[in-house]
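Note that ligands are numbered from 1 as they come in the structure, with each ligand's atoms numbered from 1 the same way.
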Amino acid sequence: MTPGHRGGAGGAAALERVMGGGPLSLVLGGLGVLLLFRMVRRLRPGARVRDSVVVITGASSGLGRECARVFHAAGARLVLCGRHAGRLQETVEELNEAAGWGHTQTHPPSTVTFDLSEAGAVERAAEEILRLHGNVDVLINNAGISYRGNILETDLSVQRAVMDTNYFGPVALTQALLPSMVRRRSGHVVVISSIQGRIAIPHRSAYAASKHATQAYFDCLRAEVERYGLEVSVVSPGYIRTNLSRNALTGDGSQYGVLDRTTAMGRDPADVARAVLEAVRRRSKDVLLAGLLATVALYLRTLCPALFFKVMAIRARKEQRPEAAGGGAGGGGAGGET
Ligand SMILES: NC(=O)C1=CN([C@@H]2O[C@H](COP(=O)(O)OP(=O)(O)OC[C@H]3O[C@@H](n4cnc5c(N)ncnc54)[C@H](OP(=O)(O)O)[C@@H]3O)[C@@H](O)[C@H]2O)C=CC1
Ligand SMILES: CCCCCCCCCCCCCCCC(=O)OCC(=O)COP(=O)(O)O
């Protein structure tokens with residue numbers, strides 16, 4: 001036996017000692033399988049976006065408008081949704097203008113105007129959407145509102161309003177479009193949740209609850225529609241630089257009207273929109289776009305909940321000091337991150 005061979009046998013023995021059937025071998029084996037699974041998934045051809053019918057809610061601003069830009073540039077047939085026809089038209093004009101500069105062929109977008117928090121309006125809108133192209137390939141449930149407030153000073157109507165827009169709206173639209181996807185055995189439902197779909201931070205009760213419910217509903221949906229070949233992606237971003245905090249409701253239902261520091265310093269919405277496009281192409285089931293602090297918070301909530309709750313209680317107390325409150329007591333202040 002050559003030294004090389006001996007070395008090889010020794011190496012194998014060493015590996016066997018390390019792997020030796022214990023918990024470490026299980027973890028390493030598991031990691032290996034996971035890596036292999038990821039590599040195989042990456043080799044799958046990406047889903048086709050060009051010419052597919054993509055419905056985007058909340059397309060009049062922020063992340064929705066950026067999603068409209070990236071999916072339009074990728075050649076999708078867009079149906080843009082929002083409450084205000086004028087604002088949607090601004091998005092359409094911008095896209096049509098951009099179409100003149102691009103090299104790829106694009107489709108002129110359509111618009112459907114409705115309020116997601118009105119169940120009847122959502123049903124009528126779904127019918128209108130289906131009349132436009134006959135089917136929907138990708139539904140991006142993006143529209144949403146946020147909330148700043150102290151639970152003790154928040155009207156129940158505000159808790160309901162946030163749930164109606166952020167949870168029941170996407171649920172109603174998804175359920176209205178689902179039968180046609182099931183009939184075609186094809187379709188992809190995307191929902192924009194939030195890191196706050198995984199962890200709850202004080203003075204965001206309505207918002208965090210709506211996003212936790214969203215995560216749960218769409219996780220159930222994914223399992224239930226897999227047999228029909230449908231895809232479901234939950235995208236959970238951290239802070240994004242949009243008007244979300246300005247448009248947030250406060251406890252009495254008025255608008256918060258402040259651009260929080262955390263939002264102002266958030267991710268570029270164009271980057272997040274590209275991540276949404278990638279999620280559609282790769283058929284990703286769950287996409288977490290967490291920065292360092294959010295990642296720490298997520299681990300802390302899972303591995304050491306008692307410490308996480310303590311940190312949240314300190315944060316709640318700090319935010320309730322009058323000098324820290326940006327929109328009245330418990331308004332969340334400048335959205336400090338600790
Ligand atoms: N910004 C951030 O830090 C983060 C945002 N998100 C999520 O991203 C998504 C997009 O928000 P973002 O772009 O930031 O915020 P914006 O406030 O810029 O956009 C919200 C969009 O939702 C639409 N919308 C609001 N209420 C309704 C309603 N009742 N019916 C129909 N459309 C409605 C608005 O349209 P219009 O008013 O014209 O009707 C607008 O286009 C939301 O789901 C949000 O929770 C997630 C994590 C972080
Ligand atoms: C001993 C170690 C302490 C470590 C402390 C970590 C805990 C700090 C809490 C950080 C919370 C991060 C929350 C991120 C939330 C987020 O990204 O939300 C995205 C949104 O949806 C924003 O909406 P909003 O209306 O709240 O602006």
Legend entry - For atom 13 (O) of ligand 1, the protein heavy atom that lies nearest, with its residue and separation: L63 N, 2.8 Å
Legend entry - atom 20 (C) of ligand 1 - nearest protein heavy atom and its distance: G144 O, 3.5 Å
Inset, instruction - List every atom of ligand 1 that sits less than 4.0 Å from any heavy atom of I192, numbering the atoms from 1 in the order shown and giving each element. - result: 7 (C), 8 (O), 43 (O)
Legend entry - Positive for side-chain hydrogen bond (donor to acceptor under 3.5 Å, both in side chains) with E278, one of R281, R274, R282: R282
Legend entry - From CG (L303) to CG (L298), nearest 0.5 Å: 10.5 Å
Legend entry - Salt-bridge criterion met for R69 and E66 (N-O under 4.0 Å): yes
Inset, instruction - Check whether any side-chain N or O of D260 sits under 3.5 Å from a backbone N or O of T262 as a donor-acceptor pair, and report yes or no. - result: no
Legend entry - Contact atoms of ligand 2, heavy-atom distance to S146 under 4.0 Å: 24 (P), 25 (O)
Legend entry - Donor-acceptor contact present, side-chain T91 to main-chain A59, <3.5 Å: yes
Legend entry - Lys/Arg-Asp/Glu bridge criterion (N-O < 4.0 Å) met for E319, R315: yes
Legend entry - Close approach of S193 to ligand 1, heavy atoms, under 4.0 angstrom: yes
Inset, instruction - Would you mind running through ligand 1 and noting each atom that sits below 4.0 Å from a heavy atom of D115? - result: 28 (C), 29 (N), 30 (N)
Legend entry - Shortest protein heavy-atom distance from atom 11 (O) of ligand 1, along with the residue and atom involved: L244 CD1, 3.9 Å
Inset, instruction - Give the atoms of ligand 1, by number and element, whose distance to some non-hydrogen atom of R87 is under 4.0 Å. - result: 36 (P), 37 (O), 38 (O)
Inset, instruction - Ignoring hydrogens, just give me the one of I140, T242, V276, N142 whose non-hydrogen atom is nearest atom 42 (C) of ligand 1. - result: N142
Inset, instruction - Give a yes or no answer on whether the side chain of H188 reaches the backbone of L139 with a donor-acceptor pair at less than 3.5 Å. - result: no
Legend entry - Option of least heavy-atom distance to atom 17 (O) of ligand 2 (set: P202, G238, A297): G238
Legend entry - Heteroatom proximity flag, Y147 to ligand 2, N/O under 3.5 Å: no
Inset, instruction - Determine, using heavy atoms of M312 and all atoms of ligand 2, whether some pair is separated by less than 4.0 Å. - result: yes
Legend entry - S233 side chain vs D286 backbone, donor-acceptor pair below 3.5 Å: no
Inset, instruction - Ignoring hydrogens and angles, tell me if any N or O in the side chain of R65 forms a donor-acceptor pair with the backbone of S60 under 3.5 Å. - result: yes
Inset, instruction - Using only heavy-atom distances, determine whether the side chains of Q159 and S205 contain a donor-acceptor pair under 3.5 Å. - result: yes
Legend entry - The single option from L244, L249, V162 passing side chain to side chain contact (heavy atoms under 4.5 Å, CB included) against S146: L244
Inset, instruction - Could you establish whether G238 and ligand 1 come within less than 4.0 Å of each other, counting only heavy atoms on the residue side? - result: yes
Legend entry - Identity of the nearest option to atom 13 (C) of ligand 2, non-hydrogen atoms only, from F308, Y239, Y299: Y239
Legend entry - Any N/O pair S60/ligand 1 closer than 3.5 Å: yes
Inset, instruction - Answer with yes or no whether the side chains of T154 and Y147 bring together a donor and an acceptor at under 3.5 Å. - result: yes
Legend entry - Side chain K285, main chain D219, donor-acceptor under 3.5 Å: no
Legend entry - N or O pair under 3.5 Å between T262 and ligand 2: no
Inset, instruction - Find the distance between CG (L300) and CG (L293) and round it off to the nearest 0.5 Å. - result: 10.0 Å
Inset, instruction - Distance to 0.1 Å, residue and atom name: give those for the protein heavy atom nearest to atom 40 (C) of ligand 1. - result: S61 OG, 3.4 Å
Legend entry - Contact partition for K211 relative to ligand 1, non-hydrogen atoms under 4.0 Å: side chain
Legend entry - Over 12 non-hydrogen atoms of neighbours within 6.0 angstrom of CZ in R160: no
Inset, instruction - Among all protein heavy atoms, pick out the one at the shortest distance from atom 30 (N) of ligand 1; state its residue, atom name and that distance to 0.1 Å. - result: L116 N, 2.9 Å
Legend entry - atom 45 (O) of ligand 1: nearest protein contact (heavy atom, Å): Y207 OH, 2.7 Å
Legend entry - I314, I192, L307, V296: member with heavy atom nearest to atom 1 (C) of ligand 2: L307
Inset, instruction - Mark up the atoms of ligand 1 that fall under 4.0 Å of a heavy atom belonging to Y239, in ascending order. - result: 3 (O)
Inset, instruction - Could you tell me whether ligand 2 has any atom less than 4.0 Å away from a heavy atom of L244? - result: yes
Legend entry - Close approach of G266 to ligand 1, heavy atoms, under 4.0 angstrom: no
Inset, instruction - Report yes if G58 has an N/O atom closer than 3.5 Å to an N/O atom of ligand 1; otherwise report no. - result: yes
Legend entry - Region of R83 engaging ligand 1 - heavy atom pairs below 4.0 Å: both
Inset, instruction - For D137 and V54, indicate whether the former's side chain and the latter's backbone hold a donor-acceptor pair under 3.5 Å. - result: no
Inset, instruction - Using distance alone, decide if ligand 2 has a nitrogen or oxygen within less than 3.5 Å of any nitrogen or oxygen in Y207. - result: yes
Inset, instruction - Would you check if the side chain of R148 reaches a backbone N or O of T250 as a donor-acceptor pair within less than 3.5 Å? - result: no
Inset, instruction - Report, in ascending order of atom number, the atoms of ligand 1 lying under 4.0 Å from any heavy atom of T165. - result: 26 (N), 27 (C), 28 (C), 29 (N)
Inset, instruction - Provide the number and element of each atom of ligand 2 under 4.0 Å from a heavy atom of S194. - result: 18 (O), 19 (C), 20 (C), 21 (O)
Inset, instruction - State the atoms of ligand 1, each with its element, that fall below the 4.0 Å cut-off from a heavy-atom position in G62. - result: 13 (O), 18 (O)
Inset, instruction - List the steps, then state whether side-chain contact (heavy atoms from CB on, under 4.5 Å) holds for V49 with V138. - result: CA-CA 9 Å; V49 171; V138 182; over 6 Å; no
Legend entry - N247 touching ligand 1 at heavy-atom level, < 4.0 angstrom: yes
Legend entry - Backbone or side-chain N or O of S245 under 3.5 Å from ligand 2 N or O: no
Inset, instruction - Give a yes or no on whether the backbone of P170 and the side-chain of T174 come within a donor-acceptor separation of less than 3.5 Å. - result: yes
Inset, instruction - Give a yes or no on whether the backbone of I145 and the side-chain of N166 come within a donor-acceptor separation of less than 3.5 Å. - result: yes
Inset, instruction - Using distance alone, determine whether P237 and ligand 1 share an N or O pair under 3.5 Å. - result: no
Inset, instruction - Pull out every atom of ligand 1 sitting under 4.0 Å from any heavy atom of A143, numbered as shown with elements. - result: 22 (O), 23 (C), 24 (N), 32 (N), 33 (C), 43 (O)
Inset, instruction - Check if D260 has a non-hydrogen atom at a distance under 4.0 Å from any atom of ligand 2. - result: no
Inset, instruction - Starting from atom 2 (C) of ligand 1, find the nearest protein heavy-atom neighbour and note its residue, name and distance. - result: I240 N, 3.3 Å
